[in-house]
Amino acid sequence: MTQYSAAMQIFLRWAALACLSIAAYAQATVTVTDVRSTAKADSTRLVLEVSEPVTYRKFHLTGPNRLVVDLSATSTKLPPALFDLTTGQIRGVRAARRGDGVRLVFDLSGDFPSKAFTLAADAGKPARLVLDIAGAPAVVQPARSEKPAAKPVPTITEAEPTLAAPGRDIIVMIDPGHGGKDPGALANGGIREKDVVLAIARKLKAEFDALPGYKGRLTRSGDTFIPLAKRTQLARDANADFFVSLHADSFPKGRSVYGGGVYALSLRGATSETARWLAKRENAVDLSHGVDLGDVDDDLRKVLLSMSVDSAIRISKQAGTEVINEMSSVARMHRRRLEQANFVVLRSPDIPSLLVELGFLSNAQDVKRLTTPREQSKVAAAIRRGIVSYFERSPPANTVVYQKKRSNPEPYVVVRGDTLSAIAQKNGTTLAAIRKANGLTSNAIRIGQKLEIPRS
Ligand SMILES: [Zn+2]
């Protein structure tokens, strides 16, 4: 009996030690110390620098397309740059704890294959995990319904990971035009453009700040002079997602000219005489202070030729159209379509930007409207609604708005030729799950019907 007991004790001691060492082994020992990416039009290479050689496994999921990489025994403390990553192939990155390690989920913009390999530490370089994702992103995303029901979609058995990085706010940089020694347009009664636009800019900032997922910023919060180039620099420094410059000029051609207008950057020419005149006038502010921004320098020319400008202008135009629609409902408009001209203040190549002409200080009715607090609030709310309706449709990855949209995807709208089983297959779910989610008693659907697609 005592012998048995001694053997048992030895066994227990051994077992305890073994458990201890397993537990120690299971603790996160690898840290991802840095992430670098090289993005080309048709591929992305990601290099994760790790403190020690890492064991990984990767697989793909479709509907929507994702690349999942599980890193064993890895700390969930990840470099923040990882979550800011977007390339032609990667729309966003999420992470979650998984066992003793971490699961990385790359949201892909298409069904792209990937390769992965590890590199040992050498020549002063740390150990690395290299991920290559290849494939040209589609220029135009076909509507979900137009995609052929191609290869069978694998069933997703593993739960969608929770979000590790909290989403960031969408930052809207609001630029009240003029300021300081530059009063802008003047009207009777000592009314100055710089004061009018500042009052409305403050209200617009408050509108965004009151909205979850958005943050308003001001290029100037007081009566200070800021050169035009500095204004866009402030937006870039703040990592702004959008830039909106507010003005209320006076029009020399007549006091009968009235109403608001919305302008985007054009690299070619002005779309109207008013747009050309406004651009000349707004651009002149800096010329008169000795800063020559009239000629595009070589560096800027290069940037202007890049894709990002085209995409920034495209976003500006889409958002601008929304702003016009909203403004039209609360204020008189000079023009009901988006105008374009070469405004210096809008030349931030990477940030979608708009110049909003709130009205004309040369017009008595506009002056009254723009100096009445209630009317100021109305126009600020309209501009906010316009910008927000753009972002609600196309939120940048890793923002609160993006995550909310992902977790509450819009319902699927049935189109001609759809069958319930094809919809289920396309979305990586089952016929039964769709029927249950929508309370359907048969497989009959009709064109235009909205269906909730259950998340697997
Ligand atoms: Zn102005």
Side-chain angles (χ1 to χ4, degrees), residues 39 81 83-88 91-92 167-177 197 201 204-205 207-209 211 213-221 226-247 262-268 279 282-283 285-286 293 296-297 299-324 338-357 383-384 386-402:
F83 300 102
D84 290 337
L85 201 82
T86 51
T87 69
R91 297 161 82 134
R168 62 171 184 85
D169 289 330
I170 289 175
I171 295 169
V172 180
M173 182 59 84
I174 303 154
D175 173 46
V197 294
L204 184 54
K205 179 189 185 309
E207 287 275 337
F208 282 113
D209 288 348
L211 218 65
Y214 292 85
K215 198 108 208 110
R217 301 282 293 271
L218 293 169
T219 53
R220 66 175 178 98
S221 53
I226 305 172
L228 294 181
K230 173 86 179 153
R231 294 172 191 256
T232 48
Q233 188 55 49
L234 285 168
R236 227 167 288 138
D237 292 348
N239 290 320
D241 296 281
F242 204 84
F243 177 88
V244 57
S245 191
L246 302 182
H247 289 264
V262 181
Y263 300 82
L265 176 67
S266 161
L267 300 180
R268 287 159 202 98
E282 297 302 346
N283 294 348
V285 172
D286 269 24
L293 293 164
V296 176
D297 66 31
D299 268 355
L300 187 54
R301 192 187 306 277
K302 264 183 242 154
V303 185
L304 289 181
L305 288 172
S306 75
M307 286 288 288
S308 67
V309 180
D310 280 345
S311 96
I313 292 180
R314 184 173 43 78
I315 295 170
S316 307
K317 284 164 79 172
Q318 288 171 359
T321 306
E322 304 277 2
V323 172
I324 291 179
L338 186 79
E339 299 280 1
Q340 283 184 274
N342 202 345
F343 293 96
V344 170
V345 76
L346 300 184
R347 277 192 215 148
S348 56
D350 37 4
I351 306 171
S353 315
L354 290 177
L355 187 144
V356 175
E357 197 67 51
I383 295 168
R384 184 262 301 156
I387 293 171
V388 165
S389 59
Y390 169 76
F391 278 119
E392 296 293 317
R393 245 189 307 117
S394 316
N398 299 323
T399 56
V400 173
V401 178
Y402 174 85

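Just so you know, these numbers come straight off a predicted model, no measurement behind them.
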Once you round to the nearest 0.5 Å, how far does [atom1] of [X] lie from [atom2] of [Y]?
X      : Y      : atom1 : atom2 : value
Ile351 : Ile315 : CD1   : CD1   : 11.0 Å
Leu355 : His247 : CG    : NE2   : 4.5 Å
Lys205 : Ser221 : NZ    : OG    : 9.0 Å
Ile324 : Ile383 : CD1   : CD1   : 11.5 Å
Ile387 : Leu204 : CD1   : CG    : 6.0 Å
Ile170 : Asp241 : CD1   : CG    : 6.0 Å

side-chain hydrogen bond (donor to acceptor under 3.5 Å, both in side chains) involving [X] - partner list, sequence neighbours excluded:
X      : answer
Tyr214 : Glu392
Lys215 : none
Ser389 : Glu322
Asn239 : none

Note, [X] side chain near [Y] side chain (heavy atom, < 4.5 Å):
X      : Y      : value
Thr219 : Phe243 : yes
Leu354 : Phe242 : yes
Arg168 : Pro396 : yes
Gln340 : Ile313 : yes
Phe208 : Val388 : yes

For Ser353, does its backbone N or O pair with a side-chain atom of Ser316 as donor and acceptor, under 3.5 Å?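 A pair under 3.5 Å: yes.
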Is there a donor-acceptor pair under 3.5 Å between the side chain of Arg231 and the backbone N or O of Pro176?
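A pair under 3.5 Å: yes.
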[X] versus [Y], closest heavy-atom pair with distance:
X      : Y      : result
Asp175 : Ser245 : OD2-OG, 2.7 Å
Leu211 : Arg384 : CD2-CD, 4.1 Å
Tyr263 : Leu338 : N-CD1, 4.3 Å
Arg220 : Gly177 : NH2-O, 2.8 Å
Ile174 : Gly216 : CD1-CA, 4.4 Å
Pro395 : Val401 : CB-CG1, 3.8 Å

(request) Tell me, please, which residues at least two apart from Lys317 pass salt bridge (Lys or Arg N to Asp or Glu O under 4.0 Å). (result)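 By the salt bridge (Lys or Arg N to Asp or Glu O under 4.0 Å) rule, Lys317 matches no residue at all.
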Kindly write out the residues that satisfy salt bridge (Lys or Arg N to Asp or Glu O under 4.0 Å) with Arg217, not counting sequence neighbours, or none if the list is empty.
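For Arg217, no residue satisfies salt bridge (Lys or Arg N to Asp or Glu O under 4.0 Å) once neighbours in sequence are set aside.
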